[in-house]
Number of protein chains: 2
Amino acid sequence: MAGSTGGDGQAAPTIYDVARAAGVAASTVSRAFARPARVNAETAGRIRRIAEEMGYRTNPLARALLNERSSMIALAISDITNPYCFEIIRGAQAAAMEVGYTMLLADGQESDRLERETLDRAARTVEGIVLASTRMSDTSIRMMAKLRPLIVLNRAVAGVPSVVTDYRHGMREAVEHLHGLGHSHITYLAGPEAAWSDGIRWQALREAGVEWGLRLHRLGPYPPTMLGGVAAADDFWRRSTSAVIAYNDLVALGLLRGLSAAGVRVPQDVSVVGCDNIFGTDLVTPGLTTLAAPLRFLGRTAVQSLLALISGAQPPVDKPVSIPTRLVVRASTDERRPARLAPPAIPVRPPISTPAGTPAT
Amino acid sequence: MAGSTGGDGQAAPTIYDVARAAGVAASTVSRAFARPARVNAETAGRIRRIAEEMGYRTNPLARALLNERSSMIALAISDITNPYCFEIIRGAQAAAMEVGYTMLLADGQESDRLERETLDRAARTVEGIVLASTRMSDTSIRMMAKLRPLIVLNRAVAGVPSVVTDYRHGMREAVEHLHGLGHSHITYLAGPEAAWSDGIRWQALREAGVEWGLRLHRLGPYPPTMLGGVAAADDFWRRSTSAVIAYNDLVALGLLRGLSAAGVRVPQDVSVVGCDNIFGTDLVTPGLTTLAAPLRFLGRTAVQSLLALISGAQPPVDKPVSIPTRLVVRASTDERRPARLAPPAIPVRPPISTPAGTPAT
DNA sequence: TCGAAGGTGGCAAGAGGTTGTCGTCCGTTG
DNA sequence: CAACGGACGACAACCTCTTGCCACCTTCGA
């Protein structure tokens, strides 16, 4: 029961220990692992066996010190509690692990400064960086990119390679879907002005709107959180349309809540569409129709691009890798009913008590 | 626009570069940062200034190589897409960052083997490990603990220090709450038999049940996922009680879905209580009453304990740090109505389409 | 004025791998 | 039998920072 608490029974064996046990030089042990072809197959086998017995593992630090190959990459996230990030992290982690890389997670906690500090510390250690959702400025990003191979996710920074979501296809589907249900007038609830993805989504929506001959309104910007969505529900009454597309799912979820508290029925009175397809969108009633971003695939692709970059590939810096979205239809969208209820006299703002903070895309 | 793609404009400056620029020896530069008292204040100041100008940062790898202080810790998670983990990660990350540590995330992807492999690789690099939700056996954990300082979260392993959630208080609250609503008979939906927390929760429930004179039933085990909860909804009909406590929130959410599809109303027909208070529990209709674990605080506490362990503290290995839960009452629990609906003839199993996988605690 | 003490800074030896270069050994061929 | 070539393993330098030890200089007391 007195189990050893602190680790470090004795120092871990090194190549020197293995070399002594095997009766060869340390360099031979090193090569037996790193360049098996360079060593007699039999010798190599013996060395490996002995190393195995001794519990030898190569020390990544020592290796990294010499040739900058630490087998680590960093993933920077502006806020880890944002459900938008979960699947990205998962995809990135999986892709990294497949090729024997370890992932270091840098959570910026919504702070530009914290994010830069963390990355600054980590930059020397890792071989490359994926900025998955960052609060940093283009300038900071470019400086960082000069220091280390770097991929930006869902953002375009001139001169820095990126992997982005292509909302055009999905947005067209969404508009077509709404058009097919008889909606002719759509409100867009905008996200933060600084958010690159907000601009892109709005642009995709406008293109699709033109194509299908729909009228569009833009409200906002709102904070990309559930609270932002609740606030949007209030404003929405001013220029109420029969269909809404929200900047992201959190805003859409907040909107659902706000509308429900105000006595507006979804989808009977208003059809609501979100973006991203995060965890929770099919838990609400009605289930949220949303533009599903392939988040896990996005994370995976970013890491793979980064690894390519690390191994010397010259990626197209001005033409980002682009991954299409698709529409997931759930219950929050339905046929337009011409007879709309009059808005209630006093829209009520319901209390929010989310366990997690509910931050931005 | 041709922006540098690959990082490494030129090699980062080392203490030697700084030393040359400052006209001192490299060792003096090193000391100027690591042991300022050992160097003339003026000299130290000059060195720092020059280092700053040159953009020098100390290379954590080189330092770690020498004295095992890599300023990194590893957080192992069995499945990163489990919402249960989000807040833990956040708390851990924050605590680590506060003291200048970097966190390395090891996602085991639900696989014992993957988890061990990742940790094995990372163990040499980090100063310590937090096992937040692990699939590893007690034996593996003890071996790992021998290698490195290690803290287990929400699990008791003899001889290894741990931080656990104390469900007793919260469970008493939950039972008192249900008792006060007139329920006299509670079903517990069990989680995986291997899960330490399942045993603990059940035990806390039994103690509270005795105290309040309630009858208890145990159903399961079920996979700790939404699908597990849906399956539980089917079984539940066999021994239907007016109140259910589920192993965790995912099971509870699945149960809500299963019951709803079968035409059972919550809370009118059945009151449902979950565990953990994960993201999404207040998104469903009705909102889920749940035993809230202070997840973020848990993560923070684990890291702080680990850091204490690293700096030589002797933690109590057999008396874990224990953090209490509290009950969050939402709409899924209500007064018992004696007149219960008869169960429908054919319980329907609804389709599940979760964007994220929905895994275990 | 000289020696001791204390404050500074430099030298060099690691920490644990990787890798260019070279010597050795063996087998083969002319 | 000598020359040659290939395969293999050893040596040593190197990556960057840390640190024990020593030398030097200043200052102060005797």
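Chain identifiers are assigned alphabetically (A, B, ...) following the order of the sequence lines, protein sequences preceding nucleic acid strands; residue numbering begins at 1 within each chain.
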Trainee: Are any of B:Asn67's side-chain N or O atoms less than 4.0 Å away from OP1 or OP2 of D:dC17?
Mentor: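 Looking at the OP1 and OP2 atoms of D:dC17, neither is under 4.0 Å from any side-chain N or O of B:Asn67.
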Trainee: Assign a letter to each nucleotide of nucleotides 9-16 of chain C from its 5' end: B, base within under 4.0 Å of a protein heavy atom; S, sugar-phosphate only; -, no contact.
Mentor: BBBB-BBB
Trainee: Tell me which pairs pass side-chain hydrogen bond (donor to acceptor under 3.5 Å, both in side chains) where either residue lies in residues 21-35 of chain A, with sequence neighbours left out.
Mentor: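 Applying side-chain hydrogen bond (donor to acceptor under 3.5 Å, both in side chains) to every pair that reaches into residues 21-35 of chain A, excluding sequence neighbours, yields nothing.
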Trainee: Between atom CZ in A:Arg35 and atom C1' in C:dT18, what is the gap in whole Å?
Mentor: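 Whole-Å distance recorded here is 8 Å.
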Trainee: Let me know which of A:Val152, A:Asn154, A:Ile323 forms a side chain to side chain contact (heavy atoms under 4.5 Å, CB included) with A:Val164.
Mentor: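 Among A:Val152, A:Asn154, A:Ile323, the one meeting side chain to side chain contact (heavy atoms under 4.5 Å, CB included) with A:Val164 is A:Asn154.
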Trainee: By the definition side chain to side chain contact (heavy atoms under 4.5 Å, CB included), identify the one residue from B:Leu307, B:Val303, B:Ile310, B:Val163 that meets it with B:Ile151.
Mentor: B:Val163
Trainee: Rounded to the nearest Å, what distance is computed from the CD atom of residue A:Glu127 to the C1' atom of nucleotide D:dC15?
Mentor: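 For the pair A:Glu127 CD and D:dC15 C1', the rounded distance is 15 Å.
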Trainee: Check whether more than 12 heavy atoms from other residues, nucleotides or ligands sit under 6.0 Å from atom CZ of A:Phe297, and answer yes or no.
Mentor: no
Trainee: When all nucleic acid strands are considered with a 4.0 Å heavy-atom cut-off, which category describes A:Arg124: base, sugar-phosphate, or nothing?
Mentor: nothing
Trainee: I'd like to know whether CD of B:Glu52 has more than 12 heavy-atom contacts from other residues, nucleotides or ligands below 6.0 angstrom.
Mentor: no
Trainee: When you measure from the side chain of A:Arg148 to the backbone of A:Thr125, do you find a donor-acceptor pair of N or O atoms at a distance under 3.5 Å?
Mentor: no
